[in-house]
Structures are given as C-alpha cells and as structure tokens.
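In what follows, a single structure is set out as structure tokens and then discussed.
The first residue in the sequence is number 1, and the count goes up from there.
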Amino acid sequence: MVAIALLVYALIDCLQTDSTRFRSLNRVAWVAIIVLIPLIGPILWLVLGKERARPQRPTGPPPRPLAPDDDPEFLRHLRDIDTKHEQMLNQWEADLRRREDEIQRKKDAEAARAAEEAEARRQAEARKREDEARQHTDDEDDSR
C-alpha cells in the first residue's frame, strides 16, 4: 500500500514538474524509472530527480516601511494635490473679482442713469419755471 501511494505521488510530481527543473534525465526517462522500478524508482525521483528550490535567506534586515513624511511618492502626491487646490482657489478668486467688477459696473451705470434722469428732471423743472415766469410776465404785460 505504501509502495503504491509512493508511486502515485512520485508519478504525479514528475508529470507536474517544470522541465527546466529536471536533473540529468528527461521526463519520459523518469516516468519509466518510477513505473518500472517499484519502490526504488519513486525514491530516486524524490531524492535525485529534480532540483529543489531553496529558500533565499535575506542578506540584510527586511526593508522598513517609510513614514509618510519620508516617502517621496507620498510627498509628491501631496504637492500635486496642493497645486490643484491652489489653482482652483485662484480660479475662484478670479471669478469672484470678475463678478464684483460686473456688479460695480452695473451700480455705476445705474447711478449714472439716475444722475442723468435727475439732471433731466432738474432741467425740465427749470424750463417749466422759466416758462411760468415768462408767462407770468406776459400776463402782467397784457394786464397793463
């Protein structure tokens, strides 16, 4: 039972292993060895058949994560956001100045119009007074 389990495991492992990891023989040869030599074939495959991946030991301490104020990418991102906000603020201020100028021009135009109307009324009243004075003097002349 152990021999069959070992044979099945070694055969599946051999068939799933990448061909670049085989030592000395190719896949067909190893399958033949595993199947034709009971118990020893699977053990040979497990011991000699493929290169084992050895875990790499880190040479130094693991990289320490950067604090946000030490991370240049994070700082660049913050500068980009600040630049965008500054541009948006400048645009809002320019729009506000433009609107205030438009309102001031409208007020100035209304004040000028009101002044012209007041001047026109004053002149009309002055003419009316002059006409009344003339008519009053004409009435006095007629009565004499």
Quick one: closest heavy-atom pair of [X] and [Y], and the distance?
X	Y	value
Ala29	Asn26	N-OD1, 2.9 Å
Arg27	Gln16	NH1-N, 4.2 Å
Trp30	Gly49	CZ2-CA, 3.4 Å
Arg23	Lys50	NE-O, 3.8 Å

Return all side-chain donor-acceptor pairs below 3.5 angstrom for residues 91-103, not counting sequence neighbours, or 'none' if the list is empty.
residue	atom	partner	partner atom	Å
Arg98	NH1	Glu102	OE2	3.1

- Task: Verify the neighbour count for atom CD1 of Ile40: are there more than 12 heavy atoms of other residues, nucleotides or ligands below 6.0 Å?
- Result: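 Counting neighbours around CD1 of Ile40, 12 or fewer heavy atoms of other residues, nucleotides or ligands fall under 6.0 Å, so no.
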- Note on the structure: Across all chains, not counting sequence neighbours, the salt bridge (charged side-chain N to carboxylate O under 4.0 Å, His left out) partners of Asp131 are Arg134
Out of curiosity, [X] [atom1] to [Y] [atom2], how far, rounded to the nearest 0.5 Å?
X	Y	atom1	atom2	answer
Ile34	Asp13	CD1	CG	8.0 Å
Trp45	Leu7	CH2	CG	13.5 Å
Asp82	His77	CG	NE2	10.0 Å
Gln123	Glu125	CD	CD	11.0 Å
Ile81	Arg76	CD1	CZ	10.5 Å
Arg121	Lys128	CZ	NZ	13.5 Å

- Between Glu132 and Arg129, is there a side-chain N and carboxylate O pair less than 4.0 Å apart? no
- Any salt bridge between Glu119 and Arg122, counting N to O under 4.0 Å? yes
- Tell me whether Leu11 is reachable from Val47 by hopping between hydrophobic residues (I, L, V, M, F, W, Y) whose side-chain heavy atoms are closer than 4.5 Å.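 Val47 clusters together with Leu11.
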- Check which hydrophobic residues are tied to Ile4 through side-chain heavy-atom contacts below 4.5 Å, counting indirect links as well, and list them. Val8, Ile12
